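Below you'll find the structure, written out as structure tokens, and then a few comments.
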Amino acid sequence: MKKQLPPRPDLDHLRKQAKALLAALQAGDRDAIATVREHVPAVKNLTSDKALSESLRLADAQFAVARMSGFASWPQLGRHVEQLRALEGNWSFVSLEVDGEVAPAVAMTWSRILIDGDRFRTESPGANYEGVFNINVEAEPHEIDIEFVEGPEAGNWNYGIFRLNGDQLEICLDMNGKPRPTEFRTAAGTGRAYEVLQRVQRDRPDSVTGGTRSAHPAQPAATDPSEFGFESSETLARLEGDWSAVEVVRDGQVVPSMMLKTTLRSALRNEIKILVGGQLMINALVRINEAADPMEVDYFNKCGIANGTVQHGIIKWIGDDACFCMAAPGQDRPRDFECPAGSGRTVSRWRPKK
């Protein structure tokens with residue numbers, strides 16, 4: 001699905017482009033004539049003067065714009081752009097199934113997908129993802145190709161299928177670069193994800209850029225759990241046991257107090273588990289640098305969508321409460337405990353459970 005459209009394509013803009021091309025043709029512009037000769041079969045073999053005398057119409061200019069954009073016809077281009085616009089908005093997760101396993105409902109609460117044109121931003125408790133996508137609405141089921149630009153999956157592609165029914169969107173993706181799925185389901189070992197989304201807002205979301213490509217992507221701090229072997233320290237000893245969540249802020253959003261009541265942090269030696277509503281959300285090995293100011297903490301994630309990634313953070317004590325500020329996987333270590341929207345950070349405060 002190789003298309004050459006501007007970011008966030010708009011059909012009105014493309015119509016104006018076709019009208020401008022027609023006006024240039026009527027004015028005898030040689031570049032415009034060459035463009036039409038290249039893309040319109042009816043005049044392909046004519047001389048420039050002969051092509052100009054053919055009284056080309058707006059439909060011919062539209063056809064040329066469609067072919068320049070990678071489409072077989074103007075109607076195909078129109079269907080493509082209209083479908084992109086129909087996908088825009090703020091989408092919440094209804095369900096998520098990966099490799100045949102259904103994700104717990106509580107894991108969906110703070111996850112969403114924002115779509116603006118062909119740009120997207122996925123926000124989840126584990127990490128944020130930015131990228132761009134392309135669709136093929138001529139195929140049935142419709143096809144979607146996703147390129148991750150920022151976040152733990154930066155540089156990777158997912159290929160899948162989708163169907164849109166009003167404000168409900170279903171997507172089934174292969175996450176390992178294999179042939180795209182042909183049906184909306186997963187099974188153990190397939191490496192597929194099937195998600196059902198519900199649109200909660202139709203307006204084009206703000207600040208969805210699709211990410212910024214880096215010429216030199218940052219490498220993870222570690223990819224081998226052996227680098228997170230247990231080393232006894234005063235801080236790790238102090239963090240052992242069960243902890244209740246006092247406050248959690250994720251990417252500028254405060255987690256409601258009702259959810260905090262079901263959130264538990266448990267630590268033994270240098271391994272932590274964080275459960276929400278009884279469901280395991282984070283399982284990680286911990287590495288502490290007590291000599292740094294502020295004290296540094298790293299997580300090696302052992303499960304979920306962040307499995308195998310490293311998160312960098314800092315820690316401080318407020319009385320007996322432990323306070324963390326953790327960056328998203330692959331992001332730089334924070335230097336303060338601020339958590340503005342769009343930062344991808346998680347700031348949390350925990351109190352020993354009595």
Side-chain angles (χ1 to χ4, degrees), residues 103-104 106-107 110 124-128 151-153 218-251 255 259-260 262-339 343-354:
V106 69
W110 288 94
S124 67
N128 288 346
E153 294 290 324
Q219 296 299 314
T223 57
D224 187 345
S226 67
E227 297 184 34
F228 281 73
F230 174 68
E231 295 183 11
S232 179
S233 71
E234 179 182 342
T235 302
L236 282 178
R238 190 175 178 183
L239 288 170
E240 282 199 342
D242 294 335
W243 300 71
S244 299
V246 177
E247 181 182 23
V248 178
V249 182
R250 174 74 179 94
D251 201 34
V255 175
M259 184 173 290
L260 292 182
T262 70
T263 302
L264 175 69
R265 184 182 195 275
S266 178
L268 178 63
R269 290 164 62 88
N270 70 323
E271 183 171 1
I272 65 162
K273 294 181 180 180
I274 296 178
L275 295 91
V276 180
Q279 299 291 334
L280 181 65
M281 302 298 292
I282 295 176
N283 181 199
L285 299 176
V286 179
R287 182 173 59 194
I288 301 284
N289 179 7
E290 295 180 318
D293 185 19
M295 192 184 309
E296 296 176 348
V297 57
D298 297 328
Y299 288 174
F300 181 92
N301 291 292
K302 297 175 61 180
C303 71
I305 59 174
N307 184 31
T309 65
V310 174
Q311 290 178 259
H312 303 299
I314 53 178
I315 179 176
K316 67 179 180 180
W317 297 95
I318 300 178
D320 290 332
D321 291 357
C323 301
F324 298 84
C325 182
M326 302 299 300
Q331 300 298 310
D332 292 338
R333 188 185 309 279
R335 291 301 168 191
D336 55 47
F337 287 82
E338 299 299 318
C339 186
S343 66
R345 296 178 179 178
T346 300
V347 171
S348 58
R349 181 171 177 174
W350 303 86
R351 185 163 296 160
K353 193 172 179 65
K354 298 179 180 178

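Quick caveat: nothing in here was measured; it's all calculated off a predicted structure.
Contact annotation: the side chain of Ile282 approaches that of Asn301 to within less than 4.5 Å [non-hydrogen atoms, C-beta and beyond]. Taking the side chain as every heavy atom from C-beta outward, Val286 and Tyr299 approach each other to under 4.5 Å. A 4.5 Å side-chain heavy-atom check between Thr263 and Trp350 finds at least one atom pair inside the cut-off. Contact annotation: the side chain of Glu338 never approaches that of Val249 to less than 4.5 Å [non-hydrogen atoms, C-beta and beyond]. Contact of the Met281 side chain with the Leu275 side chain is not registered, since no non-hydrogen atoms from C-beta on lie closer than 4.5 Å. Two residues are said to be in side-chain contact when any heavy atoms from C-beta on lie closer than 4.5 Å; Arg265 and Phe324 meet this criterion. Inter-residue side-chain proximity for Glu227 and Leu285 is flagged as unmet; no heavy-atom pair is nearer than 4.5 Å.
We find the CG-CG distance between Leu268 and Leu236 to be 10.5 Å, quoted to the nearest 0.5 Å. Atoms NE2 and SG, on His312 and Cys325 in that order, are 13.0 Å from each other to the nearest 0.5 Å. The distance from atom CD1 of Ile315 to atom CE of Met295, rounded to the nearest 0.5 Å, is 6.0 Å. A distance of 8.0 Å separates CG in Leu239 from OG in Ser233, rounded to the nearest 0.5 Å. Rounding to the nearest 0.5 Å places CH2 of Trp317 at 9.0 Å from SG of Cys323. In this structure, Ile274 CD1 and Trp243 CH2 are separated by 12.0 Å, a value rounded to the nearest 0.5 Å.
With hydrogens and angles disregarded, a donor-acceptor distance shorter than 3.5 Å links the side chain of Asn283 to the backbone of Ile272.
Residues passing the salt bridge (Lys or Arg N to Asp or Glu O under 4.0 Å) test with Arg269: none are found, sequence neighbours excluded. With sequence neighbours excluded, the residues that form a salt bridge (Lys or Arg N to Asp or Glu O under 4.0 Å) with Glu296 are Arg333, Arg335. Every salt bridge (Lys or Arg N to Asp or Glu O under 4.0 Å) that Asp336 has, sequence neighbours left out, goes to Arg345. Arg349 pairs by the salt bridge (Lys or Arg N to Asp or Glu O under 4.0 Å) definition with Asp321, not counting sequence neighbours. By the side chain to side chain donor-acceptor pair (under 3.5 Å) test, Gln331 is found to be paired with no residue, residues two or more places apart in sequence or in another chain being considered. Residues satisfying the side chain to side chain donor-acceptor pair (under 3.5 Å) criterion with Thr235, sequence neighbours excluded, are Glu290.
Between Pro352 and Asp320 the shortest heavy-atom distance is CD-O, 3.5 Å. Nearest approach of Ile314 to Pro294, heavy atoms of both residues: CG2-CG, 3.7 Å. When every heavy atom of Met326 is checked against every heavy atom of Pro334, the shortest pair comes out as C-CG, 4.3 Å.
Using modelled atom types, one finds no donor on one side chain facing an acceptor on the other under 3.5 Å when comparing Asn270 with Glu231.
Taking 4.0 Å as the cut-off between side-chain N and carboxylate O, Arg287 and Asp298 count as a salt-bridged pair.
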